[in-house]
Amino acid sequence: MDEFHDQRIIRGKSTRVVLDNGELDEISESFFLGAAVRALSGGSWGFVQTESLDDLAKDLKTAKRAARRIAGAERLDLAQSLPGKSAKVPVKKDPGDLSLEEKVDLLREIEDAAKVEGVSSTQAVYNEVLVKTNYTSSDGRDIEGETTRVGFYVTAVASRSGVYQAGMESRAGTCGLELFDDVDAPALARRAGETAVALLEAKAPKGGSYPVVVDQELGGVFVHEAVGHAVEADIVLEGGSILEGKIGDVIGSELVTVKDDPSLPLYGHYPFDDEGSASGETILVENGILRSYLHSRETAGRLGGNPRNARAQGSARPVVRMSNTYIAPGKEGWKLPEILEEMKDGVYLLGSRGGQVSTAEGVFQFNAKRGYLVEGGEMTSLLRDVSLSGHILEILERVKVVGDDLSFNSGRCGKSGQLVPVSDGSPHLLIEEATVGGSG
């Protein structure tokens, strides 16, 4: 393809409320408007990002000139994709029907619930974003999308004798205020407070290798960070992934199937990506075999595959990104008590407090929110400051049981200086052996 151009116009509104120890720390409503104009010429891209819609034709000429200025001899073919369709993601309860004062009251109820006995500080945040996108391209696409996202998180901190422990809960979705009908936000906030207090009495783990059960949140973080980023095709092309050249290879247990699907009605949902490609499921790993990478039209043109994962924050340049990424539930009907009984002795890890991963070296370390020592198939001592680490391919190979209790968590994923909403999920997993240690 010698010449191509496209244009995204983004309009929207965001609302944010922050309560810190009962005080209103931030309350804001802001409107945003911008456009992203790309031009492909001679195998190179030109890009213009603007907050003005006054002269987009001039911006396109600028993008074309920039592309031609750096054009080389190499031809760049964009893969064909299934064109997206215009769509407005429906909401049951419009956030616009609630005043700012009522949103503050809603958040205050959540924060107050976290103030259980023993908690010394709390914070609660409410976020709401409405985005309207118009996408047009030189190959005939002209589509519009409208999406509303709502979410909150609450943090509680407890301290004693110089020891600090935290509990945190969050929920978010591509939806309206019905989110608060679907989840009991005050109950989650109480759990955050109770967790922080309980962790003051918990033991620090003795580091070493153990059989490990991970819950859905930590399993989801693992599949997102350790697997999902490693299958983003731009990282593969840059030589930054241990999964480069492994399509068709066995990379894990036959029990492991990993999918990415922006069509699911979760926080990472979109009807079409930022290149106008229709959303849909990508099977990344099937019964332990690597089947696909995640693609933009450019990376699919280079490597083959289906482009549907080019995403951008606002009017930034689109890059290959995950959406809703998850380990598929097992078919054997395993429940948590049965999984713990199968493990007998080991460690059960819950939640995620962040961590680090190197997709090039294939190693990771994630900090869990808490853990339990498991003895004879029963949870005994509560553990704090606990982490999971290992080699990505070794951990995938050591998955011995996949539960049937798939659950998702939501957040924002950072890459190339941009943040986009995502969900990740997993059932409970039994890993034959992994390194467990203090998170430091």
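Just so you know, residue 1 is the first one in the sequence shown, and it goes up from there.
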Inset, instruction - Return the orientation label for the Tyr348 and His428 ring planes: parallel under 30°, perpendicular over 60°, tilted otherwise. - result: tilted

Inset, instruction - May I ask you to check whether Ser277 and Ser81 show a side-chain donor-acceptor distance below 3.5 Å? - result: yes

Inset, instruction - Verify the neighbour count for atom NZ of Lys115: are there more than 12 heavy atoms of other residues, nucleotides or ligands below 6.0 Å? - result: yes

Inset, instruction - Heavy atoms only: give me the nearest Gly330-Asp404 pair and the separation to one decimal. - result: O-CB, 4.0 Å

Inset, instruction - Indicate, with yes or no, if the rings of Tyr267 and Phe408 have centres closer together than 6.0 Å. - result: no

Inset, instruction - State, with a plain yes or no, whether a side-chain heavy atom of Phe152 is found less than 4.5 Å away from one of Ile110. - result: yes

Legend entry - Donor-acceptor pair, side chain of Arg321 and main chain of Cys413, under 3.5 angstrom: yes

Legend entry - Donor-acceptor under 3.5 Å (Asp59 side chain, Val48 main chain): no

Inset, instruction - Verify, without hydrogens or angle tests, whether Thr359 (side chain) and Ala230 (backbone) share a donor-acceptor contact under 3.5 angstrom. - result: no

Inset, instruction - Give a yes-or-no answer on whether the side chains of Arg308 and Thr282 include a donor-acceptor pair shorter than 3.5 Å. - result: yes

Legend entry - Check: Leu264 main-chain N/O paired with His269 side-chain donor or acceptor under 3.5 Å: yes

Inset, instruction - Report yes if some heavy atom in the side chain of Leu284 is under 4.5 Å from a heavy atom in the side chain of Leu294; otherwise report no. - result: yes

Legend entry - Results of side chain to side chain contact (heavy atoms under 4.5 Å, CB included) for Gln356 - residues two or more places apart only: Gln365

Inset, instruction - Flag yes if more than 12 heavy atoms outside Glu51 fall under 6.0 Å of its CD atom; otherwise flag no. - result: no

Inset, instruction - Of all the heavy-atom pairs spanning Ser137 and Asp6, show the shortest one and how long it is. - result: CB-CB, 3.7 Å

Inset, instruction - Could you tell me which residues satisfy ring pair (Phe, Tyr, Trp, His ring centres under 6.0 Å) with Tyr293, sequence neighbours excluded, listed by chain and number? - result: none

Inset, instruction - For Ser387 and Asn367, indicate whether the former's side chain and the latter's backbone hold a donor-acceptor pair under 3.5 Å. - result: no

Legend entry - Residue pair Ile27 / Val104, side-chain heavy-atom distance below 4.5 Å: yes

Inset, instruction - Verify the distance criterion only: is there a donor paired with an acceptor across the side chains of Glu217 and Ser352 at less than 3.5 Å? - result: no

Legend entry - Name of the residue among Arg38, Arg317, Arg297 meeting salt bridge (Lys or Arg N to Asp or Glu O under 4.0 Å) with Glu275: Arg38

Inset, instruction - Taking Thr174 for its side chain and Leu266 for its backbone only, find out whether a donor-acceptor pair lies under 3.5 Å. - result: yes

Legend entry - Lys/Arg N to Asp/Glu carboxylate O, Lys92 vs Glu178, below 4.0 Å: no

Legend entry - Pairs meeting criterion side-chain hydrogen bond (donor to acceptor under 3.5 Å, both in side chains) with involvement of residues 407-422, two or more places apart: Glu232-Lys415, Asp234-Lys415, Ser410-Ser423

Legend entry - Residue list, salt bridge (Lys or Arg N to Asp or Glu O under 4.0 Å) with Lys58, at least two apart or on another chain: none

Legend entry - Residue among Arg384, Arg370, Arg160 satisfying salt bridge (Lys or Arg N to Asp or Glu O under 4.0 Å) with Glu201: Arg160

Legend entry - No-hydrogen, no-angle side-chain donor-acceptor test under 3.5 Å, Ser99 and Glu102: yes

Legend entry - Identified side chain to side chain donor-acceptor pair (under 3.5 Å) counterpart of Asn309 within the set Asp274, Asp260, Thr325: Asp260

Inset, instruction - Might you point out which heavy atoms bring Pro271 and Ala87 nearest each other, and give the distance in Å? - result: CB-CB, 3.7 Å

Inset, instruction - Kindly say whether Phe180 contributes a backbone atom to a donor-acceptor pair with the side chain of Arg171 at under 3.5 angstrom? - result: no

Inset, instruction - Heavy atoms only: give me the nearest Glu225-His229 pair and the separation to one decimal. - result: OE1-CD2, 3.4 Å

Inset, instruction - Step through the shown structure and confirm whether more than 12 heavy atoms of other residues, nucleotides or ligands are within 6.0 Å of CZ on Arg11. - result: no

Inset, instruction - With the side chain counted from C-beta on, respond yes when Arg68 and Ser41 share a heavy-atom pair under 4.5 Å apart, and no when they do not. - result: yes

Inset, instruction - Looking only at non-hydrogen atoms, find the nearest pair between Asp215 and Gly351 and report the distance. - result: OD1-N, 3.1 Å

Legend entry - Ala187 backbone acceptor or donor facing Asp184 side chain under 3.5 Å: yes

Inset, instruction - Evaluate the side-chain proximity of Ile327 to Thr257: yes if any heavy-atom separation is below 4.5 Å, no if none is. - result: no

Inset, instruction - Write out all pairs satisfying side-chain hydrogen bond (donor to acceptor under 3.5 Å, both in side chains) with one or both partners inside residues 189-199, taking only residues at least two apart or from two chains. - result: Glu169-Arg191

Inset, instruction - Begin with the C-alpha distance, continue with both residues' side-chain angles, and end with the deciding distance and a verdict on ring pair (Phe, Tyr, Trp, His ring centres under 6.0 Å) for Phe364 and Phe366. - result: CA-CA 7 Å; Phe364 70 90; Phe366 302 134; 5.1 Å; yes

Inset, instruction - Please check if atom OH in Tyr164 has more than 12 non-hydrogen atoms from other residues, nucleotides or ligands closer than 6.0 Å. - result: no

Inset, instruction - Would you confirm whether Gln7, through its side chain, and Ala36, through its main-chain N or O, come within 3.5 Å as a donor-acceptor pair? - result: no

Legend entry - Partners meeting side chain to side chain contact (heavy atoms under 4.5 Å, CB included) with Leu237 (sequence neighbours left out): Thr299, Arg302, Leu303

Inset, instruction - State, without any angle test, whether Gln123 and Thr155 hold a side-chain donor-acceptor pair at a distance under 3.5 Å. - result: no

Legend entry - Shortest non-hydrogen contact between Pro427 and Val402, atoms and distance: CG-CG1, 3.7 Å

Inset, instruction - Check whether any side-chain heavy atom of Val150 sits under 4.5 Å from a side-chain heavy atom of Asn127, and report yes or no. - result: no

Legend entry - Lys103 bridged to Glu128 by N-O distance under 4.0 Å: yes

Legend entry - Within-4.5 Å side-chain heavy-atom neighbours: Asp424 and Tyr326: no

